[in-house]
Participant: 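Below you will find the structure I want to go over with you.
Computed from a prediction, not measured in an experiment: that's the story for all the values here. Within every chain, numbering begins at 1; the chains are lettered A, B, ... in the order of the sequence lines, protein sequences first and strands thereafter.
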Amino acid sequence: MYLQFKREVEHILKAALADASYEYEYSSLELEESEHADITSRIAFTLASRYGKPPENIAADILRHITVPTPAEGRTRTLISRAVASGPYINFYVNDYFLDATLRRLKGGGGGGDNTEKRHDKSTRIIIEHTSANPDGPLHIGHLRNAIIGDVLARVLTYSGYQVETQYYVNDMGRQVAVAVWGASRLKLDTRKKGDHAIVDVYIAANRMLEANAAYRTEVDALMRRYEAGDEEVVKRYEEVVQRCLAGIKASLQRLNIHHDLFVFESEFVRSGAVQRIIEELKRRGDIKSEGSALILHLDGIEKGLVIQRADGTSLYTTRDLAYHRWKSERCDRMIDVLGKDHELVSQQLRKALLLLGVKAPEFVIFEFVSLPSGSLSTRAGRYISADELMERIEARAYEEVEKRRMDLSEDKKREIARMVGIGALRYDMVKVSPEKHIVFNLEDALDIEKKGAPFIQYAHARASSILRMATDRGFKIDSADADVALLRDKSEVELIKKLAMFEYVMESVASELKLHKVARYARELAEVFNIFYKNCPVLNAEEELREARLVLVDCTKQVLCEVLSVLGIEAPEEM
RNA sequence: GGGCCCGUGGCUUAGCCAGGAUAAAGCACCGGCCUUCUAAGCCGGGGAUCGCGGGUUCGAAUCCCGUCGGGUCCGCCA
């Protein structure tokens, strides 16, 4: 509903500017949310310098030309109650109709109450690539940031009406995997262990052996050449290792509530000849230098050359990635890659090389590194905290909390809630901070479940659920269409309704800016205003008419909390 | 050495791209509130010259230049 309000303000403000003969070329009108009003315009500041008058005078002048339509004269009902000049600011406030309409829309179902607000063409297809960890070991906390950002991004864009496909690009041709395969055939795999953990054991051991004895290197190189050539026996050994590892990774992702629609193997692009075709095309279209058999592509504006073929003729990661992106581009309208900061230069090279090939450029969501207090993460050195261990421990911590409060619940129920709370807290922590922030991951801090993180929001949802459950038990009407929502004028009721009205607006801006931490922020704020309402406004004990109206509000709040949690990939418990 | 990112109360962050109303939250700390729907809650309090130095502007956390600290990348790794 806030979007409509904003549009209406834009409309009457533009009319007033024209009426007062002020010229202004930007469409934004400098409108922004404000703590002093429901929306405010700073346009008087900009006009002040141009017209050489104090901004206060301009604001007052504009205000004189603003006409807020009264419900009686407007053909469609206005959402604005009044406009006020506060010094240089022009403040606008919502009216009662806005509040009532917000709840009516929500009762109308879905999408923060308004499916028509989803302005994106359903036919726009977006492929999001995320996680894509090498199949040489389990996911660790660095991968977790990638996976959770990618997953929430997919959920946001799906919510906004795009057709989204998520892909996991499996780097099965790199040296790392060759080392794991080599290790798996030299050492004994622990088949009792989860696949990814069994693989990483031999991977780490193999790396130590390789460091100690350089002669082993040639064996790994030979393995890579034979795999690239499609040697059947080697391919079989690779598949064994990759699938075993991937099965473990998939299990971890599932536990995190993350799903990929498609797993794409980079080897496919070598075997299909797509990589070779890319190289041939780049030779024709690009600035290529050869050094021996190695091919180096020079791209405008990037000092660093891009090696697209090794001296021994085998392919490289970036070249295979080019083939993958061309393939992707043929089956979608937008491609978004979630990448760590270390891939930034490569992503720029990738973009330019793709443009050279006539392929549309992908968009990148780049996030900064996660490190441990002891230093950077390294699978090879065994210096990491696995996602599995983290989930295990955070669920155990959450269980302690549940146990403290709900001794009345069954064991299964307590475990179920601990799982929702633990995983939710983990996901929330990863998405609440903007991606360009470097994270030093401290296990103890992560286990110390943030009071105003996911559990806080889930708790608000549980409270709302509890009220609705008891209302049903007592035979109260919950979704009575004839409830008089105009009775909801207590300050905390009004604040809650306004916050509900912001949902679609927040989702809209997140979908275009891709700033996911704003979803997390909104969810927390909504929970906050609901908790204040909960404190100040008794529902079940209120007199009948007010009770029915408040039940509508609680129902709407539960709905939006549930939706926003779902966008964050966090489960919404009925009780906790 | 060069590119990119970060530097905001004791700690973690929002705000920065499109400069403006007392710099906004959480954690921690201090003090209140369970005979009304779950206290994983609510109310109140202290605490920040926005790394530092210049510049632009009527106005700078925000833009520009410099500088310091941290991270990351820099042709045959992925």
Participant: Of the nucleotides B:rC6, B:rU38, B:rC4, which one has an atom closest to the side chain of A:K341?
Facilitator: B:rC4
Participant: Can you find a side chain N or O atom of A:S86 that sits less than 4.0 Å from OP1 or OP2 on B:rA21?
Facilitator: no
Participant: Mind calculating the distance between CD1 (A:I288) and C1' (B:rG75) to the nearest angstrom?
Facilitator: 12 Å
Participant: Would you please confirm or rule out a distance under 4.0 Å between OP1 or OP2 of B:rA14 and any side-chain N or O of A:S434?
Facilitator: yes
Participant: Looking for any heavy atom pair under 4.0 Å, which part of the strands does A:A462 touch: base, sugar-phosphate only, or nothing?
Facilitator: base
Participant: Can you identify which nucleotide, out of B:rC74, B:rU72, B:rC76, has its nearest atom closest to the A:A294 side chain?
Facilitator: B:rC76
Participant: Given B:rU38, B:rA40, B:rU72, which nucleotide is nearest the side-chain atoms of A:M470?
Facilitator: B:rU38
Participant: Kindly point out which of B:rA14, B:rC42, B:rA21 is positioned nearest to the side chain of A:E528?
Facilitator: B:rC42
Participant: Taking only the side-chain heavy atoms of A:E35 (C-beta and beyond), determine which of B:rU22, B:rC6, B:rC76 contains the nearest atom.
Facilitator: B:rU22
Participant: Take A:R524 and A:E528 through the test salt bridge (charged side-chain N to carboxylate O under 4.0 Å, His left out) and record every step on the way to the result.
Facilitator: CA-CA 6 Å; A:R524 201 205 64 217; A:E528 245 159 28; 3.5 Å; yes
Participant: Whether A:R415 engages the ring of A:Y399 as a cation-pi pair (distance to the six-membered ring centre under 6.0 angstrom, angle to the ring normal within 45°) should be assessed.
Facilitator: yes
Participant: Tell me: CE of A:M407 to P of B:rA40, nearest whole Å?
Facilitator: 12 Å
Participant: For the side chain of A:S466, starting at C-beta, report the closest nucleotide among B:rC37, B:rC17, B:rC76.
Facilitator: B:rC37
Participant: Nearest heavy atom decides the nucleotide; on that basis, is A:F369 or A:N134 closer to the 5' end of RNA chain B?
Facilitator: A:F369
Participant: Show the numbers, then the answer: is there a side chain to side chain donor-acceptor pair (under 3.5 Å) between A:D337 and A:H325?
Facilitator: CA-CA 10 Å; A:D337 297 355; A:H325 277 83; 2.5 Å; yes
Participant: Please pick, from B:rU38, B:rG15, B:rG75, the nucleotide with the shortest atom-to-atom distance to any side-chain atom of A:H517.
Facilitator: B:rG15
Participant: According to the 5.5 Å centroid and 30° plane-angle thresholds, does A:F456 stack upon the nucleobase of B:rA40?
Facilitator: no
Participant: If you measure from the P atom in B:rC77 to the same atom in B:rC73, how many Å do you get, rounded?
Facilitator: 16 Å
Participant: When you measure from the side chain of A:R320 to the backbone N and O of A:N171, does any donor-acceptor pair fall under 3.5 Å?
Facilitator: no
Participant: Whole Å only: how far is the CG atom of A:D429 from the P atom of B:rA25?
Facilitator: 21 Å
Participant: Between atom CG in A:L299 and atom P in B:rG75, what is the gap in whole Å?
Facilitator: 14 Å
Participant: State whether A:K535 places a side-chain N or O below 4.0 Å from either non-bridging phosphate oxygen (OP1 or OP2) of B:rC42.
Facilitator: no
Participant: Quick one: is B:rA40 close enough that its OP1 or OP2 comes under 4.0 Å of any side-chain N or O from A:Y459?
Facilitator: yes
Participant: Let's see if you can work this out: which of B:rU36, B:rA21, B:rA40 has an atom nearest to the side-chain heavy atoms of A:P538?
Facilitator: B:rU36
Participant: Is there a side-chain contact between A:R469 and the phosphate of B:rU38, meaning an N or O under 4.0 Å from OP1 or OP2?
Facilitator: no
Participant: Using OP1 and OP2 only, check whether a side-chain N or O of A:R42 sits under 4.0 Å from B:rG20.
Facilitator: yes
Participant: When you check the phosphate oxygens OP1 and OP2 of B:rU13, does a side-chain N or O of A:K452 lie under 4.0 Å from one of them?
Facilitator: no
Participant: Name the closest nucleotide to the A:Y534 side chain, picking from B:rC42, B:rC77, B:rC37.
Facilitator: B:rC37
Participant: State whether A:R175 places a side-chain N or O below 4.0 Å from either non-bridging phosphate oxygen (OP1 or OP2) of B:rA78.
Facilitator: no
Participant: Could you state the NE2-C1' distance from A:H438 to B:rG69, rounded to the nearest angstrom?
Facilitator: 14 Å
Participant: Is the phosphate of B:rC77, meaning OP1 or OP2, less than 4.0 Å from a side-chain N or O of A:R310?
Facilitator: yes
Participant: Taking the C1' atom of each, how far is B:rG31 from B:rA60, in whole Å?
Facilitator: 38 Å
Participant: Go through B:rA21, B:rA14, B:rG75 for me and flag the one nearest to the A:N91 side chain.
Facilitator: B:rA21
Participant: Using whole Å, report how far CG of A:L377 lies from P of B:rA78.
Facilitator: 20 Å
Participant: Kindly assign one of parallel, tilted or perpendicular to the pair A:Y384 and A:H140, based on the angle between their ring planes and the thresholds 30° and 60°.
Facilitator: tilted
Participant: State whether the number of non-hydrogen atoms from other residues, nucleotides or ligands found under 6.0 Å of A:K53 atom NZ is greater than 12.
Facilitator: yes
Participant: Take atom CG of A:N541 and atom P of B:rU38, then tell me their distance rounded to the nearest Å.
Facilitator: 11 Å
Participant: State which residues pass ring-ring contact (aromatic ring centres under 6.0 Å, His included) with A:Y534; sequence neighbours excluded, sorted by chain then number.
Facilitator: none
Participant: A:F476 ring centre to A:R547 NZ or CZ under 6.0 Å, with the angle to the axis within 45°?
Facilitator: yes
Participant: Looking across every strand, which nucleic acid part, if any, lies under 4.0 Å from A:R320 by heavy atom: base, sugar-phosphate, or nothing?
Facilitator: sugar-phosphate
Participant: Please check if the side chain of A:R208 supplies one atom and the backbone of A:I204 the other of a donor-acceptor pair under 3.5 Å.
Facilitator: no
Participant: Is the backbone N or O of A:F265 less than 3.5 Å from a side-chain atom of A:Y324, with the two atoms forming a donor-acceptor pair by type?
Facilitator: no
Participant: Strictly below 4.0 Å: does A:R463 bring a side-chain N or O up to OP1 or OP2 of B:rA40?
Facilitator: no
Participant: Starting at CD1 of A:I308 and ending at C1' of B:rC77, how long is that distance when rounded to a whole Å?
Facilitator: 17 Å
Participant: Counting a pair only when it is Watson-Crick or G-U and both distances are under 3.5 Å, which runs of at least 3 such pairs involve RNA chain B?
Facilitator: B:1-7 with B:68-74, B:10-13 with B:24-27, B:29-33 with B:41-45, B:51-55 with B:63-67
Participant: Sticking with atom P, work out how far B:rC42 lies from B:rG26, rounded to a whole angstrom.
Facilitator: 9 Å
